[in-house]
S.K.: 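Here it is, the structure, as structure tokens.
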Amino acid sequence: MKRRIKELRSSMGLTQQQFADRLGLKRQTIAAYEVGNTEPSNATLLSICREYKVNENWLRTGEGEMKVAQTTQERYNLNLEKLQRVDDETIIRWVNTIAETNPEVLRQIEEFMKRLLENQEDKG
């Protein structure tokens, strides 16, 4: 399990501190899980699965896919919850701008962003 916790954290680009903060744990606790000094409790495993949308079977056994499939609506709801806890002024301005923009303009921006990201993937 220690490798899977580290793999999950790394796949999300989070430090041990960032990973721990979202779970209400200490960085040292995550470090102990990752080196195998301590096993997470069932409650902690369920918290990891819930917070990071992880397949519990994968986390416990390594079988199956890492992430739980989400519907578009579930993903939207989760992201709204996250945004409500944000105090970053840039993100707040972006959300306000998106909410106040004509839907057709948003579709054009979305297409532009998709093309931009595809070009970046081709270079990387």
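Scope of the values below: all heavy atoms of this structure, side chains included, with no hydrogens, waters or symmetry mates.
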S.K.: Which pairs pass salt bridge (Lys or Arg N to Asp or Glu O under 4.0 Å) with one or both residues in residues 98-112, sequence neighbours excluded?
M.R.: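 Listed by first then second residue: Glu104-Arg107, Glu110-Lys114, Glu111-Lys114.
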S.K.: Not counting sequence neighbours, which residues clear side chain to side chain contact (heavy atoms under 4.5 Å, CB included) with Ile109? List them please.
M.R.: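 Partners of Ile109 by the side chain to side chain contact (heavy atoms under 4.5 Å, CB included) criterion, ordered by chain and then number, come out as Val105, Met113.
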S.K.: Run the side chain to side chain contact (heavy atoms under 4.5 Å, CB included) test against Asn55 and tell me which residues pass, sequence neighbours left out.
M.R.: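 For Asn55, the residues satisfying side chain to side chain contact (heavy atoms under 4.5 Å, CB included) (neighbours in sequence not counted) are Asn57, Trp58, Val68.
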S.K.: Pairs in or reaching into residues 54-73: which pass salt bridge (Lys or Arg N to Asp or Glu O under 4.0 Å), with residues at least two apart or in two chains?
M.R.: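 Non-adjacent pairs meeting salt bridge (Lys or Arg N to Asp or Glu O under 4.0 Å): Glu56-Arg60.
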S.K.: Could you list the residues that satisfy side chain to side chain contact (heavy atoms under 4.5 Å, CB included) with Gln84, not counting sequence neighbours?
M.R.: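 Listed in chain order: nothing, the list is empty.
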S.K.: How long is the straight-line distance from CZ of Arg3 back to CD1 of Ile5, given to the nearest 0.5 Å?
M.R.: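 Taking CD1 in Ile5 and CZ in Arg3, the distance rounds to 11.5 Å.
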S.K.: Can you list every ring-ring contact (aromatic ring centres under 6.0 Å, His included) pair that touches residues 95-115, not counting sequence neighbours?
M.R.: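 Sorted pair list comes back empty.
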S.K.: Just grab all the ring-ring contact (aromatic ring centres under 6.0 Å, His included) pairs involving residues 75-102, residues at least two apart or on different chains.
M.R.: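 Of all non-adjacent pairs touching residues 75-102, none passes ring-ring contact (aromatic ring centres under 6.0 Å, His included).
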S.K.: Once side-chain hydrogen bond (donor to acceptor under 3.5 Å, both in side chains) is applied, do any residues pair with Gln70, and if so which ones, sequence neighbours excluded?
M.R.: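 Result, side-chain hydrogen bond (donor to acceptor under 3.5 Å, both in side chains) vs Gln70: none returned.
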S.K.: Sort and list the pairs that fulfil salt bridge (Lys or Arg N to Asp or Glu O under 4.0 Å) and have at least one residue in residues 35-53, not counting sequence neighbours.
M.R.: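 Salt bridge (Lys or Arg N to Asp or Glu O under 4.0 Å) check on residues 35-53 returns Arg22-Glu51.
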S.K.: For Val35, which residues count as a side chain to side chain contact (heavy atoms under 4.5 Å, CB included) partner, sequence neighbours excluded?
M.R.: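 With neighbours one apart ignored, the set is Asn37.
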S.K.: Check which hydrophobic residues are tied to Ile92 through side-chain heavy-atom contacts below 4.5 Å, counting indirect links as well, and list them.
M.R.: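 Besides Ile92, the cluster holds no residue at all.
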S.K.: Is there any salt bridge (Lys or Arg N to Asp or Glu O under 4.0 Å) pair reaching into residues 5-15, and which pairs are they, with sequence neighbours excluded?
M.R.: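 Residue pairs passing salt bridge (Lys or Arg N to Asp or Glu O under 4.0 Å), neighbours aside: Arg9-Glu34.
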